[in-house]
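Following: one structure in structure tokens, then a few remarks.
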There are 4 protein chains.
Amino acid sequence: MARPRRHDPDRRERIVDAALRVVGRDGIAGLSHRTAAAEADVPLGSTTYHFGSLDELLVAALRRTNGVFGRTLRESPELADPDLDLATALARVMGRWLGEDRAELELAYELYLAALRRPALRPVAEEWAGEVRTALAGRTDPATAGALVAMTDGLCLMYLLGGRPYQEEHARTMLARVLGEGSENPAVPLAEAPTEPTGT
Amino acid sequence: MARPRRHDPDRRERIVDAALRVVGRDGIAGLSHRTAAAEADVPLGSTTYHFGSLDELLVAALRRTNGVFGRTLRESPELADPDLDLATALARVMGRWLGEDRAELELAYELYLAALRRPALRPVAEEWAGEVRTALAGRTDPATAGALVAMTDGLCLMYLLGGRPYQEEHARTMLARVLGEGSENPAVPLAEAPTEPTGT
Amino acid sequence: MARPRRHDPDRRERIVDAALRVVGRDGIAGLSHRTAAAEADVPLGSTTYHFGSLDELLVAALRRTNGVFGRTLRESPELADPDLDLATALARVMGRWLGEDRAELELAYELYLAALRRPALRPVAEEWAGEVRTALAGRTDPATAGALVAMTDGLCLMYLLGGRPYQEEHARTMLARVLGEGSENPAVPLAEAPTEPTGT
Amino acid sequence: MARPRRHDPDRRERIVDAALRVVGRDGIAGLSHRTAAAEADVPLGSTTYHFGSLDELLVAALRRTNGVFGRTLRESPELADPDLDLATALARVMGRWLGEDRAELELAYELYLAALRRPALRPVAEEWAGEVRTALAGRTDPATAGALVAMTDGLCLMYLLGGRPYQEEHARTMLARVLGEGSENPAVPLAEAPTEPTGT
DNA sequence: AATGAATGAGCATTCATTCAT
DNA sequence: TATGAATGAATGCTCATTCAT
């Protein structure tokens with residue numbers, strides 16, 4: 001199996017990387033000490049040594065994911081652009097995530113939602129809320145920010161679960177409404193709104 | 001073990017009931033042919049006979065849950081009341097679900113979100129969207145209905161994952177905004193908005 | 001599942017057909033009342049009704065296979081041709097079996113060799129010997145015929161198990177020797193004789 | 001059950017031994033991780049630990065069998081005797097195998113022929129061909145050696161499958177013919193040649 | 001004569017965890 | 001400090017067979 005590695009200070013990190021690849025490929029249900037060890041090309045005992053339980057490993061994985069997504073949010077050119085309104089910026093970022101980053105987004109949501117049943121993940125899930133709040137700070141009030149996050153989560157899940165293509169304009173409109181721009185009307189004809197799956 | 005039951009036409013349904021109790025108690029990860037059989041007081045072979053795979057059992061469970069929640073939505077007095085605006089009605093129903101029906105709601109979301117990783121559940125998850133659409137039909141346009149569902153999902157998950165008590169007024173305000181009543185202002189002071197966990 | 005078939009006198013035969021397809025695809029280990037029923041598009045109870053045990057089904061399958069191969073042997077143009085010597089004719093028939101009929105040949109040998117461990121198949125395996133004897137009758141004496149069959153079986157298994165391409169000339173030569181044409185020399189250079197696998 | 005054996009370096013080999021006993025008694029169909037564990041008086045987990053799949057266990061069993069039979073061939077006094085011609089020597093060894101070693105021979109052929117359906121066994125089956133080739137090297141050319149092995153296999157299977165007693169003289173004659181001693185005539189009367197089952 | 005339902009036994013395999021080194 | 005060996009429990013699933021219609 002694994003070649004002996006005398007000095008391997010990054011092993012812990014490499015195991016987390018491997019765990020993320022496993023969850024991305026087979027879901028949380030596919031993650032075990034064994035599968036992580038195999039993916040990381042590391043002896044089985046090494047994973048149990050660094051992570052006493054699977055929850056510990058999941059916590060580390062979710063934290064890493066949070067970090068990655070938090071950074072792409074904070075550093076996104078759309079949010080940085082002062083000429084772009086917040087709804088448009090968020091709708092564009094969502095489009096990128098649901099497009100080219102779809103696998104990572106799905107992975108992130110799977111880990112995030114796992115907190116529903118795994119109390120150990122709860123605090124790390126809260127950290128994610130903090131990352132988003134930081135990114136939104138100064139652009140709106142806290143109450144609206146919370147609703148923005150809820151809308152974003154709901155829309156992402158809708159697109160992740162359904163087979164419909166992302167409709168950025170619809171998202172932009174609804175996010176704008178949440179931001180209090182109430183007279184805002186959807187630019188897409190209502191009859192074509194994304195509430196009906198196009199195919200199975 | 002189970003006494004022999006030669007004639008037991010409702011066995012299939014009883015197994016689904018048992019599966020829902022198991023998932024409610026231990027999560028999807030705790031559901032197996034064995035645990036369902038034990039909970040239903042039925043031989044193991046009976047669960048594998050009626051449900052060739054765990055996915056089949058999960059599909060039946062999610063469908064049952066959809067039916068139950070769909071009915072409580074359609075028959076809810078709040079939605080039936082023509083004098084109550086939609087935002088208020090939805091916010092109240094959410095309040096009931098997050099309050100006394102919290103366990104069932106958590107169960108429903110766990111099954112619903114499992115569709116993320118289990119393609120077999122996707123069509124049944126779509127059915128749920130249909131239930132909601134039916135309940136909302138005639139009260140708003142499809143595009144707005146989609147956003148309403150997204151907002152509702154996002155808020156429910158936020159309260160299910162975090163430890164904060166439900167703030168119906170905040171939900172009402174944000175749902176009203178989505179409905180296009182843009183000048184609507186939150187009735188709670190912004191500083192107390194539900195974006196910060198109270199405990200932990 | 002299966003559409004109701006009121007009058008279905010050929011069902012028994014269709015089940016045997018299905019069983020042969022299953023064994024051809026997944027081996028004897030893959031044959032069960034269930035897999036045969038599914039392949040035949042027939043209710044499970046129908047297979048247990050017509051074939052009380054798996055051995056019964058295997059016997060019917062082997063008998064059918066024997067019949068098919070016996071006929072292709074008896075009716076083969078090579079054996080019918082009086083100008084073709086027996087060794088050449090047999091080597092050519094083997095070539096056809098190992099070539100285009102390889103899957104059927106493998107299936108036939110699997111069923112035939114199963115008699116090693118399943119006494120119920122022994123008499124049917126003996127029937128096969130009878131088929132071959134009939135085909136060889138009049139072309140040589142019984143003792144030589146027995147050796148011819150042994151050589152044929154041995155060569156077929158060698159090619160079925162190994163990855164080498166069939167060498168008809170080698171087979172012809174060796175069958176000719178068994179027939180007592182002792183001065184016969186192999187036409188292929190001895191160094192290239194098929195005793196060494198060409199790949200892996 | 002098994003007493004705890006902390007240090008048991010030969011356990012792997014003992015499991016292979018047990019597997020061979022199980023296959024010898026009940027056939028390959030009777031071999032499972034469980035039956036091997038029970039026969040070896042070892043916990044179930046021990047067999048799955050040492051042999052991740054049944055194929056792995058079968059490979060080890062076939063390899064062991066090859067070794068045993070290869071040695072009895074190489075060290076057989078008949079083949080070692082320079083005054084004994086090859087056909088006679090081989091016919092005598094076959095006689096011993098079909099006589100007192102019949103159970104082991106049947107076991108060996110069952111494992112060997114299993115390679116027909118189990119690709120994992122193919123390379124080990126090829127190893128067996130190598131063992132025989134080594135034993136025959138120097139006594140004849142490769143092409144003839146291949147035919148000798150085919151004839152031997154075919155004859156062994158004939159006797160293993162049928163109920164007739166071994167006729168060493170017939171085998172000797174036919175092996176001699178394969179060796180190119182073409183004028184060789186069978187010493188037994190042709191009418192009594194072993195092509196007709198004596199019983200059933 | 002034919003079949004859907006039912007069931008207990010068994011299967012290969014994976015696993016978290018323990019232990020000796 | 002790391003890790004290979006070991007093990008009991010559990011998993012999803014298939015099966016031959018029985019039984020009541």
Side-chain angles (χ1 to χ4, degrees), chain A residues 1-2 4-8 11 29-38 42-55 57, chain B residues 1-2 4-9 11-12 29-38 42-57, chain C residues 1-2 4-9 11-12 29-38 42-55 57, chain D residues 1-2 4-9 11-12 29-38 42-57:
Chain A
M1 307 299 166
R5 291 174 197 266
R6 273 300 175 196
H7 298 290
D8 192 359
R11 173 165 291 192
L31 182 68
S32 71
H33 282 123
R34 279 171 164 71
T35 52
V42 142
L44 166 61
S46 192
T47 57
T48 63
Y49 177 74
H50 287 287
F51 301 93
S53 74
L54 273 192
D55 270 358
L57 185 49
Chain B
M1 311 298 165
R5 293 174 198 261
R6 278 297 161 208
H7 297 291
D8 191 357
R11 175 165 291 191
R12 206 188 137 93
L31 181 68
S32 72
H33 281 124
R34 279 168 172 75
T35 53
V42 141
L44 167 60
S46 194
T47 58
T48 63
Y49 173 75
H50 286 286
F51 302 93
S53 73
L54 267 195
D55 269 359
E56 270 180 56
L57 183 50
Chain C
M1 307 299 163
R5 291 173 198 268
R6 272 300 174 196
H7 298 290
D8 192 358
R11 173 166 292 192
R12 206 189 135 92
L31 182 69
S32 70
H33 282 123
R34 279 171 163 72
T35 53
V42 141
L44 166 61
S46 192
T47 57
T48 63
Y49 177 73
H50 287 287
F51 301 93
S53 74
L54 272 193
D55 270 356
L57 185 49
Chain D
M1 309 301 162
R5 293 174 198 262
R6 277 295 162 210
H7 297 291
D8 191 357
R11 175 165 289 192
R12 206 187 136 95
L31 181 68
S32 71
H33 282 123
R34 278 169 171 72
T35 54
V42 141
L44 167 60
S46 194
T47 58
T48 62
Y49 174 74
H50 286 287
F51 303 93
S53 73
L54 268 196
D55 270 359
E56 269 179 58
L57 184 49

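Chain letters run A, B, ... following the sequence lines, proteins first and then strands; every chain starts at 1.
In this entry F:dT21 has E:dA2 as its Watson-Crick or G-U wobble partner, both defining distances falling under 3.5 Å. Using the Watson-Crick or G-U wobble rule with both distances under 3.5 Å, F:dC13 pairs with E:dG10.
Between the side chain of C:T35 and the backbone N or O of C:G30 there is at least one donor-acceptor pair closer than 3.5 Å. Side chain of B:H33 to main chain of B:F51: a donor-acceptor pair is present (N/O by atom type, distance under 3.5 Å, no hydrogens or angles).
Straight-line distance from the CG atom of A:L57 to the C1' atom of E:dC15: 15 Å, rounded to whole Å. Look at CG on A:L31: it is 12 Å from C1' on E:dC15, rounded to the nearest Å. As a whole-Å value, the separation of D:R34 CZ from E:dA9 P is 13 Å. Atom NE2 of C:H33 and atom P of F:dC15 are 11 Å apart (whole Å). Rounded to a whole Å, the CZ atom of A:F51 is 17 Å from the C1' atom of E:dT17. Rounded to an integer number of Å, the gap from CZ of D:R12 to P of F:dG4 is 16 Å.
Contact check, C:Y49 against E:dT3: no side-chain N or O comes under 4.0 Å of OP1 or OP2. Between A:R11 and F:dT3, a side-chain N or O to OP1/OP2 separation shorter than 4.0 Å is present. Within the 4.0 Å cut-off from OP1 or OP2 of F:dT3, at least one side-chain nitrogen or oxygen of A:S46 is found. Put simply, A:S32 has a side-chain N or O that comes within less than 4.0 Å of OP1 or OP2 on E:dC15.
Here the side chain of C:P43 is nearest to one of F:dT3, E:dT3, F:dA16, namely E:dT3. You'll find that the side chain of D:L44 is closest to E:dT13, out of F:dA16, E:dT13, E:dG10. Between F:dT3, F:dT11, E:dT3, one nucleotide has an atom nearer to the side chain of B:T35 than all others, and that is F:dT11. Checking F:dT3, E:dA6, F:dG12 against every side-chain atom of B:H50, the shortest atom distance belongs to E:dA6.
Position along DNA chain E of the nearest nucleotide to C:T48 versus D:D55 favours C:T48 as the more 5'-ward residue.
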| request: Under the side-chain contact (heavy atoms from CB on, under 4.5 Å) rule, what do A:T47 and A:L57 come out as? Steps first, then yes or no, please. | output: CA-CA 9 Å; A:T47 57; A:L57 185 49; 5.7 Å; no
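Nearest heavy atoms, A:R11 versus A:P43: NH1-CD, 3.9 Å. Nearest approach of A:L31 to A:A36, heavy atoms of both residues: CD1-CB, 4.1 Å.
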